[in-house]
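When reading the values below, keep in mind they use all heavy atoms of this one structure, side chains included, and skip hydrogens, waters and symmetry mates. By convention in this document, chain letters (A, B, ...) are assigned in the order of the sequence lines, proteins followed by strands, and residues within each chain are numbered from 1.
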2 protein chains.
Amino acid sequence: MSRALLSYRIGAIVRHVVSTARERARAALTAEILESARGQLATVGAAALSLRAVARDLGLASSALYRYFASRDELLTALIIEGYDAIGAAAEAADVPTAQPRTRWHAICAAVRAWALAHPHEYALLYGSPVPGYAAPQDTVAAAGRVGTALGRVLGDAARAGVLPPAEHRRTSLVTPAAAEALGGEHPDLDDAVRARALLTWSSVYGLISFELFGHFAGVVTDLDAFFTEQVGELADLLGL
Amino acid sequence: MSRALLSYRIGAIVRHVVSTARERARAALTAEILESARGQLATVGAAALSLRAVARDLGLASSALYRYFASRDELLTALIIEGYDAIGAAAEAADVPTAQPRTRWHAICAAVRAWALAHPHEYALLYGSPVPGYAAPQDTVAAAGRVGTALGRVLGDAARAGVLPPAEHRRTSLVTPAAAEALGGEHPDLDDAVRARALLTWSSVYGLISFELFGHFAGVVTDLDAFFTEQVGELADLLGL
DNA sequence: CGCTCGACGAGAGCGGTGCTCTCGTTCTGG
DNA sequence: CCAGAACGAGAGCACCGCTCTCGTCGAGCG
C-alpha cells in the first residue's frame with residue numbers, strides 16, 4: 001500500500017526522464033487529487049475529508065481514486081507529508097542564520113504559529129490526535145523532523161558562538177543519538193541536558209499553539225499575540241539563548 | 001438539543017427527590033449508554049465511536065438512543081465532560097496540600113501524565129484536535145478548568161508561603177480576571193507575569209504529554225519517564241517553585 | 001378509578017461513507 | 001501488431017448518522 005504513495009512521491013522522476021503520456025497523465029491526476037483533497041482538508045477538516053467528494057470534485061467515479069491512493073488513510077498520509085513539508089519550509093524561511101540565536105528562535109516560533117493559525121486543520125492533522133486507528137507510516141517521520149531540525153540548527157550555532165551556559169555532563173542520555181545529531185550535533189556546550197531542554201521548549205511551543213488553536217485559552221488569555229511572544233521569550237531564557 | 005444532556009446531568013436530582021420508575025429507568029439507561037460509549041471510546045477512539053454500535057451493545061434499536069442523546073456530538077460532549085472530570089479528579093487526588101509546592105507540582109503533573117497514558121483516547125478527545133465541525137459547548141469549559149485550578153491552588157499556596165520570586169508589576173494584563181482568580185487569586189507576589197508563566201508551564205506539560213502520546217518523541221527520547229520528570233522539574237524552576 | 005397524553009422502543013428508510021469487484025476501453029512496450 | 005497492463009465507470013456491500021412513523025405502556029390529572 002505504500003507502493004502507490006512511493007510512486008507518487010518519486011514516481012516518473014526516478015524511473016526515466018522521458019515520461020510517457022500515461023505517466024504524465026497519472027502524475028497530473030495525482031496532483032489534482034491532492035489539490036482537491038488539500039482544499040477539502042482546509043475547509044472541512046481531516047475527519048470530514050471524503051474520497052467521494054474529491055472524486056465528485058474532479059468528475060471521477062469514486063472507485064477511480066483507488067488507482068492512485070489505495071485507501072483514504074494513504075491519501076491522508078500524503079497530505080500529512082505535504083503539511084510537515086509546508087510547516088518545515090515556513091520555519092526555514094523565517095530563519096536568518098546570521099541573526100542572534102534568540103532572534104532566530106523568536107522568528108521560527110512566530111513563523112510556526114503563523115502557519116498554524118493560517119492552516120488550522122492541517123496543523124490539527126499534523127499535531128493533534130492521530131486519526132482513528134491510524135499509525136503514522138515511517139514515511140512521515142522524516143518530513144516531521146524539519147521544524148525540529150531548524151530549531152536544532154539555532155541551538156548548534158548558539159553553542160558554537162558560546163552563548164549557551166556550560167553544560168552539566170551526566171552519564172545516562174535521555175536523547176537518542178540520531179536526535180542529538182539533529183539538535184546541534186557534537187559540541188562541548190551541548191550535552192544531553194541542554195538537548196533535552198531544547199525538546200522541552202519545542203514541545204512547549206507546540207503546547208502553546210495547540211492550546212490557542214484548540215480553544216483552551218479562550219476566556220483565559222486576553223492578547224494571544226502578546227502572550228505567545230512573551231512566553232516564547234521565557235522559553236528562550238530557559239534554553240539559555 | 002442541550003435539553004436532553006441537561007436532563008441527564010441534573011435530571012431527576014433537581015426535579016424532585018422522589019423519582020418515578022420511568023425516571024429511574026431513564027437514568028439507568030442513560031448511564032448504560034455512557035458506559036458502553038466510554039468502553040467504545042477507550043477501545044476504538046472517538047472518531048470511530050458509533051451510535052449504532054452502542055445500540056447493538058445494549059440490544060437497542062439505534063433510533064432509541066436519540067431519546068437520550070440528540071446526536072452523536074451530544075454523546076461525545078457528555079464523554080468529554082466525564083473525561084475532564086476524571087482527569088481533574090486524578091489531579092486533585094494526587095495533590096497533598098501540606099507538601100512543598102514543588103513536590104505538589106511534580107505530583108500533579110505525574111498524575112495527569114499517568115491518566116493520559118492510561119486513557120489515551122480520552123486524552124486525545126479532551127486535548128487533541130477538536131472533532132469535525134464540533135464546537136465545544138459551554139458546558140465543557142467549567143469541567144475543563146479543574147486541572148488548571150488544581151495547579152492554581154499550588155501557585156497560590158506557594159505565593160502565600162513566600163517561596164515565589166517577587167512579581168514584576170506591569171500595566172496591561174495578559175490574563176483574564178476570571179483566570180487570574182483560578183490561578184492563585186489575590187496576592188502581591190502573584191502578578192500577571194507569574195500567572196502567565198503558570199499558563200505557559202501548564203501548556204508545556206500538555207505539550208510534553210501530547211508529544212509522547214501522539215508519537216512525536218518516538219525515536220527521539222530514550223527514557224520517557226525520566227525525561228518527563230526532568231522536564232517537569234525544569235518547568236518548576238521556570239515557575240519559581 | 002379511568003382516561004389522555006407523553007415517553008418509549010422498534011423498524012423502515014434516506015443519503016452519505018469507504019471499499020471491492022467486474023467490465024469495457026485505451027494505451028504501451030515487446 | 002498484439003498481448004497485457006493501466007484505466008475509469010458502474011454496481012454493489014456493509015456501515016454510518018439521523019428522521020419518521022407506529023404501536024405500546026406508564027404516569028399524572030380529572
To the nearest Å, give me how far apart [atom1] ([X]) and [atom2] ([N]) are.
X: A:Arg24; N: C:dT28; atom1: CZ; atom2: P; value: 9 Å
X: A:Leu76; N: C:dG18; atom1: CG; atom2: C1'; value: 12 Å
X: A:Leu65; N: D:dG8; atom1: CG; atom2: P; value: 9 Å
X: B:Arg26; N: C:dA7; atom1: CZ; atom2: P; value: 9 Å
X: B:Leu51; N: D:dC18; atom1: CG; atom2: P; value: 6 Å
X: B:Tyr66; N: C:dA10; atom1: OH; atom2: C1'; value: 15 Å
X: A:Tyr68; N: D:dA9; atom1: OH; atom2: P; value: 10 Å
X: B:Ile33; N: C:dC8; atom1: CD1; atom2: C1'; value: 12 Å

SB check B:Arg113 B:Glu212 (cutoff 4.0 Å):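 Counted as a salt bridge, because a side-chain N and a carboxylate O are separated by less than 4.0 Å.
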Assign [X] to base, sugar-phosphate, or nothing according to its heavy-atom contacts below 4.0 angstrom with the strands shown.
X: B:Leu58; value: nothing
X: B:Leu75; value: nothing
X: B:Ala25; value: nothing
X: A:Ser63; value: base

Counting only side-chain heavy atoms from C-beta out, which of [options] sits nearest to [X]?
X: A:Arg67; options: C:dG18, D:dG17, D:dC7; result: D:dC7
X: B:Ala61; options: C:dT28, C:dA10, C:dC19; result: C:dA10
X: A:Ser71; options: C:dC8, D:dA6, C:dC19; result: C:dC19

Between B:Gly59 and A:Ser50, who's closer to the 5' end of DNA chain C by nearest nucleotide?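 Upstream on the strand: B:Gly59.
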Between A:Ser129 and B:Tyr123, is there a side-chain donor-acceptor contact under 3.5 Å, judged purely by atom types and distance?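 Note: B:Tyr123 and A:Ser129 side chains miss the donor-acceptor criterion.
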Any heavy-atom pair between the side chains of A:Phe211 and A:Val220 that's under 4.5 Å?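 The answer is no; the side chains never approach within 4.5 Å.
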Pair A:Tyr127 + B:Phe214: ring centers closer than 6.0 Å: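 Centroid separation for A:Tyr127 and B:Phe214: 6.0 Å or greater.
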If you assign A:Arg52 and A:Ala64 each to the DNA chain D nucleotide with the nearest heavy atom, which residue ends up on the more 5' nucleotide?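 Between the two, 5'-proximity favours A:Ala64.
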Qualifying residues under ring-ring contact (aromatic ring centres under 6.0 Å, His included), relative to A:Phe228, sequence neighbours excluded: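 For A:Phe228 there are no ring-ring contact (aromatic ring centres under 6.0 Å, His included) partners, ignoring immediate neighbours.
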Side-chain N,O (B:Arg56) to OP1/OP2 (D:dC16) below 4.0 Å: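 Yes, within the criterion.
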Has A:Arg22 got a side-chain N or O lying under 4.0 Å from the OP1 or OP2 atom of C:dC27?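 No.
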